[in-house]
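Residue numbers begin at 1 in each chain, while the letters A, B, ... track the order of the sequences. Here the structure is a predicted model, which is why all the values come from computation and not from measurement. Computation of the quantities below employed the complete heavy-atom set of this structure, encompassing side-chain atoms and omitting hydrogens, waters and symmetry-equivalent molecules.
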Protein chains: 2
Amino acid sequence: MSDSQKFPVAAHALAYLAHKNATSPEHAISSAELAASMPTNPVVVRRVTAMLARAGLIDTRAGAGGGAWLKRPPGEIGLDQVLRAVHGCTHLGVPPPGAAGCPVGERIPVAVGAAIVAADQAAAARLAGITVADLLSTDPEKL
Amino acid sequence: MSDSQKFPVAAHALAYLAHKNATSPEHAISSAELAASMPTNPVVVRRVTAMLARAGLIDTRAGAGGGAWLKRPPGEIGLDQVLRAVHGCTHLGVPPPGAAGCPVGERIPVAVGAAIVAADQAAAARLAGITVADLLSTDPEKL
DNA sequence: GTAATCGTAACTGTTGCGATTACCAATCAG
DNA sequence: CTGATTGGTAATCGCAACAGTTACGATTAC
């Protein structure tokens, strides 16, 4: 896989919604406004917000005055949920298949893969200790 | 950045060297043999072994009978050192620059970047608890 | 109805990567 | 010394993934 910017965009969007107190349909923020705050393209934002909506972190509504708003309090949204919502992982690579026929050569990739999974879980656990609300705190408590 | 396979290749190469007890110049393993065990291309292996040599984890020698061998015991090579040797990171993306002029919009990317660094460090700390020797153990103790 | 907005598809240009080829330097065998 | 083997590195190719953009249908407020 490649260097996707989905996670940073998602985290930024959620933090922006929290900052604007967008917690109900009448305070929805449009993809254009979110995009302007990054800055990036509204379509890029909508691609991410659609995934966040599917994960149940936000809701969106089409039409005039539509946009996105938070479905849960910012302090209850861990960044690990954000990472999962955008299908992110730590991307340390995929183990090579290993030479067929060599009993040791076939076992090494399994061990390497397990190490990558362990590192991935450790990163997710660390992100679970940071919430969207933490992204707005002025002093770097948990960061 | 993209989904680089350098880390899995490096870990596999080190584990293979450990399995072959390649710990001195006279037991050097050629890039061709390492490549055959993945399988991949010898040049890809040499690109990685050159980085591992620069990091002091292995030594290499050119010429007939040359190749690579471990410079340190497998149990003393943590996978975090391997990751650093190949300049790896968790690749969660780079925070967007943020809209200039907005005090909050400019602070969010900093916080997001700090969260990414925290996740990166957590993954490295987890990898530090796994050594090349662990990759060869038959039972999944630390994996 | 009109305007605004989301969701999604299609397309483009760029970037990064693995693989391959090629060449030079280094090393050993004879 | 000569030749064969091997690592290091550069150049190149083809592929895949991504951000950005345009476009269009569907939905909603006024």
Here the distance between atom P of C/dA9 and atom CZ of A/Arg46, to the nearest Å, is 13 Å

Rounded to the Å, how far apart are B/Glu33 CD and D/dT5 P? 16 Å

Closest non-hydrogen atom pair between A/Leu34 and A/Ala13, with its separation: CD2-O, 4.0 Å

Main-chain N/O of A/Ser37 paired to A/His12 side chain as donor or acceptor, under 3.5 Å: yes

Under 4.0 Å, heavy atom to any atom of DNA chain C: which of residues 47-58 of chain B qualify? B/Arg47

Pairing nucleotide - D/dT9, Watson-Crick or G-U, each distance under 3.5 Å: C/dA22

Exercise: identify the closest heavy-atom pair between B/Ile29 and B/Ala22: CG1-CB, 3.8 Å

Return no unless some side-chain N or O of A/Asn41 is found under 4.0 Å from OP1 or OP2 of D/dT21. yes

Report yes if the side chains of A/Met51 and A/His87 come closer than 4.5 Å at any heavy-atom pair, otherwise no. yes

For B/Tyr16 and B/Glu33, work out which heavy atoms get closest and say how close. OH-OE2, 2.8 Å

For residues 60-73 of chain B, which residues have at least one heavy atom under 4.0 Å from DNA chain C? B/Arg61, B/Ala62, B/Gly63, B/Ala64

Can you find a heavy atom in the side chain of B/Glu76 that is under 4.5 Å from one in the side chain of B/Thr131? no

To the nearest angstrom, how far is A/Lys6 atom NZ from D/dA17 atom P? 11 Å

Does OP1 or OP2 of D/dT5 have a side-chain N or O of B/Ser30 closer than 4.0 Å? no

Nearest-angstrom distance from the residue atom CG of A/Asp59 to P of C/dT5: 18 Å

Measure the distance from CD on A/Gln5 to P on C/dG16 and round it to the nearest whole Å. 12 Å

Show the nearest heavy-atom pair for residues A/Ala35 and A/Asn41, with the distance to one decimal. CB-C, 3.7 Å

Answer yes or no: is there a side-chain heavy-atom contact under 4.5 Å between A/Asp59 and A/Pro25? no

Between A/Ile116 and A/Val112, is there a side-chain heavy-atom distance shorter than 4.5 Å? yes

